[in-house]
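To start, the structure under review is shown below, and the notes come after it.
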Amino acid sequence: DGDGTGNNADADDDGDGYTDQDENDNGTNPLDANSTPPDLDGDKISDRNDTDDDGDGVADTADAFPRDPS
């Protein structure tokens with residue numbers, strides 16, 4: 001990604017804002033910035049790994065509508 005940190009030490013090899021682990025968990029390519037996981041609230045944590053998918057401040061486990069911020 002041209003950030004000066006080698007891939008072995010870089011948590012985000014492609015510089016797209018998602019960690020390599022998050023991308024691997026979702027089956028997206030951690031070496032391709034155009035391959036990103038689903039992220040409803042745009043917080044750069046995939047929905048699979050985000051405890052608050054809609055970003056409303058209520059954890060999905062306690063939210064009656066975990067994919068609706070209103």
Distance-only, no hydrogens or angles: does the Asp13 side chain make a donor-acceptor pair with backbone N or O of Pro30 under 3.5 Å?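 Between the backbone of Pro30 and the side chain of Asp13 there is no qualifying donor-acceptor contact (under 3.5 Å).
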
Quick one: does any side-chain atom of Asp52 pair with a main-chain N or O of Ala59 as donor and acceptor, under 3.5 Å?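 No, the answer is negative, given that no donor and acceptor are paired below the 3.5 Å cut-off.
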
With sequence neighbours excluded, tell me which residues meet side chain to side chain donor-acceptor pair (under 3.5 Å) with [X].
X     : result
Arg67 : Asp47
Asn26 : Asp22, Ser46
Thr36 : none
Thr61 : none

Roughly how far, to the nearest 0.5 Å, is the CG atom of Asp53 from the CG atom of Asp63?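 If I round to the nearest 0.5 Å, the distance is 9.0 Å.
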
Quick one: pull up CG in Leu31 and CG in Asp20 and give me the separation to the nearest 0.5 Å.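 Taking CG in Leu31 and CG in Asp20, the distance rounds to 7.0 Å.
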
Min side-chain heavy-atom separation Pro37-Glu23 under 4.5 Å: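 Yes, close enough: below the 4.5 Å cut-off.
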
Show the atom names and distances, to 0.1 Å, of all donor-acceptor pairs under 3.5 Å that link a side chain in residues 2-10 to residues at least two apart or in another chain.
unit_1	atom_1	unit_2	atom_2	d
Asp3	OD1	Thr5	N	2.9
Asp10	OD1	Asp12	N	3.0

I'd like to check the side chain to side chain contact (heavy atoms under 4.5 Å, CB included) partners of Asp43; sequence neighbours left out, ordered by chain and number.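 Per chain and number, Asp43 pairs via side chain to side chain contact (heavy atoms under 4.5 Å, CB included) with Asp39, Asp41, Ile45, Asp50.
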
For Ala33, side chain to side chain contact (heavy atoms under 4.5 Å, CB included) partners two or more places apart: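 In terms of side chain to side chain contact (heavy atoms under 4.5 Å, CB included), with neighbours along the sequence ignored, Ala33 is linked to Asp14, Asp16.
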
What's the shortest heavy-atom distance between Thr28 and Ser35, and which atoms?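 Residues Thr28 and Ser35, closest heavy atoms: CB-OG, 3.4 Å.
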
